[in-house]
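Since the structure comes first, as structure tokens, the remarks are kept for the end.
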Amino acid sequence: MSERPYSHWLMKSEPDTFSIDDLRQRKREPWDGVRNYQARNFMRDGMRKGDKVFFYHSNCAEPGIAGIAEVASEAYPDPSQFDPKSKYFDSASSRDKPRWMLVDVKYVRKLKRVITLDELKNQPALADMALVRKGNRLSVMPVDAQDWNFILALE
DNA sequence: GCCAACGTTGGC
DNA sequence: GCCAACGTTGGC
């Protein structure tokens, strides 16, 4: 029995566009618009239904982890890549050979408080976490189970 | 296959 | 709004 390397994830969203409160209202949402190959590969190859996700607010006044979500589907083609009116339209992609994949994500809960990026950066135990390393712009990344538990204990 | 130019992310 | 970091594109 081989074990997958990761079953916990972190996904970034700009709260002005789509926040944890938006997800709470909608309950479930296709995570569209990812246009980075590494992030796509994590969704396509790494994620399974039921995996837990930190919902991270980026590019905002208080960047940090705002809530928990869950992977709610296997990966499938991101419909926005086929829509010429979408800002995520990709003319180089086709329905035969779709370039971009996504998963559905469902709401689990908000954290009692936002665990800020600043706070995470100040935890020596998290020094190796991808999120806090300089210059990391990945919007979908794996989280060690150990780091996951450590972060939740900060709540 | 190299790498300069360009675009995007995201903290600040 | 600035700009560092980094990914992508395309000329050669």
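Lettering follows sequence order; numbering is per chain, from 1.
- By the 6.0 Å contact criterion, CZ on A/Arg26 is open, its count of non-hydrogen atoms from other residues, nucleotides or ligands being 12 or less.
- As a whole-Å value, the separation of A/Tyr56 OH from B/dG11 C1' is 8 Å.
- A/Arg99 has a carboxylate O that lies under 4.0 Å from a charged side-chain N of A/Asp90, or vice versa, which qualifies the two as a salt bridge.
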With the criterion being N/O to N/O and under 3.5 Å, what pairs connect the protein with nucleotides 1-5 of chain B, and how long is each?
none

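- Sparse packing is recorded around CD of A/Gln146, with 12 or fewer heavy atoms of other residues, nucleotides or ligands lying under 6.0 Å away.
- A heavy-atom distance below 4.0 Å to DNA chain B is reached by none of the residues of residues 32-44 of chain A.
- For A/Trp100 and A/Tyr37, the distance between ring centers is under 6.0 angstrom.
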Pairs of donor and acceptor atoms involving the side chains of residues 130-140 of chain A, under 3.5 Å and at least two apart or interchain, shall be tabulated with distances.
{"unit_1": "A/Arg133", "atom_1": "NH1", "unit_2": "A/Asp128", "atom_2": "O", "d": "2.5"}
{"unit_1": "A/Asn136", "atom_1": "OD1", "unit_2": "A/Leu138", "atom_2": "N", "d": "2.9"}
{"unit_1": "A/Asn136", "atom_1": "ND2", "unit_2": "A/Ala130", "atom_2": "O", "d": "2.9"}

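- At B/dG10, one or more side-chain N or O atoms of A/Lys12 fall inside 4.0 Å of OP1 or OP2 (strictly under the cut-off).
- Residue A/Ile65 contributes atom CD1, which lies 12 Å from atom P of B/dG11 at whole-angstrom precision.
- In this structure, the side chains of A/Leu154 and A/Leu120 come closer than 4.5 Å at one or more pairs of heavy atoms.
- Listed by residue number, the members of residues 125-139 of chain A with any heavy atom below 4.0 angstrom from DNA chain B are A/Arg137, A/Leu138.
- Residues passing the salt bridge (Lys or Arg N to Asp or Glu O under 4.0 Å) test with A/Glu119 are A/Arg113, sequence neighbours excluded.
- Comparing A/Arg99 and A/Asn59, the nucleotide of DNA chain C nearest to each residue sits closer to the 5' end for A/Asn59.
- Side chain to side chain, A/Tyr88 and A/Asp83 fail the donor-acceptor criterion of an N or O pair below 3.5 Å.
- Residues that satisfy the salt bridge (Lys or Arg N to Asp or Glu O under 4.0 Å) test with A/Asp51, not counting sequence neighbours, are A/Arg4.
- Whole-Å rounding puts the A/Glu119 CD to B/dG11 P distance at 15 Å.
- Counted by atom type alone, A/Thr116 and A/Glu62 present zero donor-acceptor pairs between their side chains at under 3.5 Å.
- Classification of the A/Phe18-A/Phe55 ring pair by plane angle, with boundaries at 30° and 60°, yields tilted.
- The distance between atom CE of A/Met11 and atom C1' of B/dT9, rounded to the nearest whole Å, is 16 Å.
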